[in-house]
Every structure is written in structure tokens, then in C-alpha cells.
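Computed from heavy atoms alone, side chains included, the values below leave out hydrogens, waters and symmetry copies. Please read all numbers here as calculations on a predicted model, not as lab measurements. Note that the numbering runs from 1 along the sequence shown for the chain.
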Amino acid sequence: MNSYIPLLMLFAFVALLGGIILALSHLLSPKKYLAEKMRSYECGFDPLGDSRHRFSVKFYLVAMLFILFDVEVVFLYPWAVTFKDFAKQGQGPFLMVEMGIFLGILLIGLIYVYARKALDWK
């Protein structure tokens, strides 16, 4: 239990510091509510159109594909870190073939997505 005391102290310090910062910002912030300040703000321009504007399904599809391929590429990092150790043990060629298969599957998926024109915004 003694090994957890520094961690608990850290959590208590972070909670206390967060509370102090929130309290100070509430106490020290100006309290003038002007109509100009309370208006919607959108990148320096007055908001245009309805807030319930529908986005194209292509937007969400591209976002999901980005997340999918991004997560898959994250798997390359631990492989690259451990490759050096396994290569010393003589397993380098096996790991290279294994990663080639993994990247080949990703490439086939990317070609499929491109062929289906999922990345086309028109």
C-alpha cells in the first residue's frame, strides 16, 4: 500500500490544482454580458445558414477510413521497436515477410476503397 501513496498524492494535487484554477478563473473573470459577446461566433464570421446542416455521407466515410488506416499504421511502431531484438535472434526475415503480408492487406484495402471511389468528394 505504501507504494501507492505517491500516486494518490499526485491525484490529490492535480484535483486541488484544477479546483483552484477553476475557482480563480470564475472569481477573476469579467462579468459583463453584452449582446455582442453572447452572439454565436464562427471563425470570425456571422454564422451562415441553419445549424442543422446535413453533411454528406462521404465526409463521415472518409473520416472512418482515416481512423481505420491510422489505427492500423499505429501497429507498425511496436513492430519496428521490437524488430531489432528479434533480428538479433535470427527471426528478421520471418518478421519482414509477416509485415509485408500486413502491409499488403492494407494496400489491398486502400486499392479497394479507391476503386469504389470512397475518397471522391464529388
Check your understanding: At what distance, to the nearest 0.5 angstrom, does CG of L10 lie from CD1 of I5?
Key -> 14.0 Å

For residues 83-111, run the donor-acceptor check on the side chains, cut-off 3.5 Å, and write out each pair with its distance to 0.1 Å, sequence neighbours left out.
none

Review point. Taking only residues two or more places apart in sequence, or in another chain, which ones meet V73 in a side-chain contact (heavy atoms from CB on, under 4.5 Å)?
Key: L76

Point to revise | Partners passing side-chain hydrogen bond (donor to acceptor under 3.5 Å, both in side chains) against K117 (at least two apart in sequence or in another chain) | key: none

Point to revise | ring-ring contact (aromatic ring centres under 6.0 Å, His included) partners for F59, two or more places apart | key: F55

Review point. So do the side chains of R116 and Y112 get within less than 4.5 Å of each other, counting heavy atoms only?
Key: yes

Study note, to complete from the structure: Residues pairing under side-chain hydrogen bond (donor to acceptor under 3.5 Å, both in side chains) where one sits in residues 4-28, two or more places apart or in two chains, turn out to be none

Study note, to complete from the structure: Value for OH (Y60) from CG (L65), rounded to nearest 0.5 Å, stands at 15.0 Å

Check your understanding: Partners of S29 by side-chain hydrogen bond (donor to acceptor under 3.5 Å, both in side chains), sequence neighbours excluded?
Key -> K31

Practice item. For A63, enumerate each residue passing the side-chain contact (heavy atoms from CB on, under 4.5 Å) test, keeping only those at least two apart in sequence or located in another chain. Key: none

Point to revise | Nearest heavy atoms of L61 and A118, plus distance in Å | key: CD2-CB, 3.5 Å

Practice item. Under the side-chain contact (heavy atoms from CB on, under 4.5 Å) rule, collect the residues that match up with L34, sequence neighbours excluded. Key: K37

Check your understanding: Which residues satisfy the side-chain contact (heavy atoms from CB on, under 4.5 Å) test with V71, sequence neighbours excluded?
Key -> I67, F75

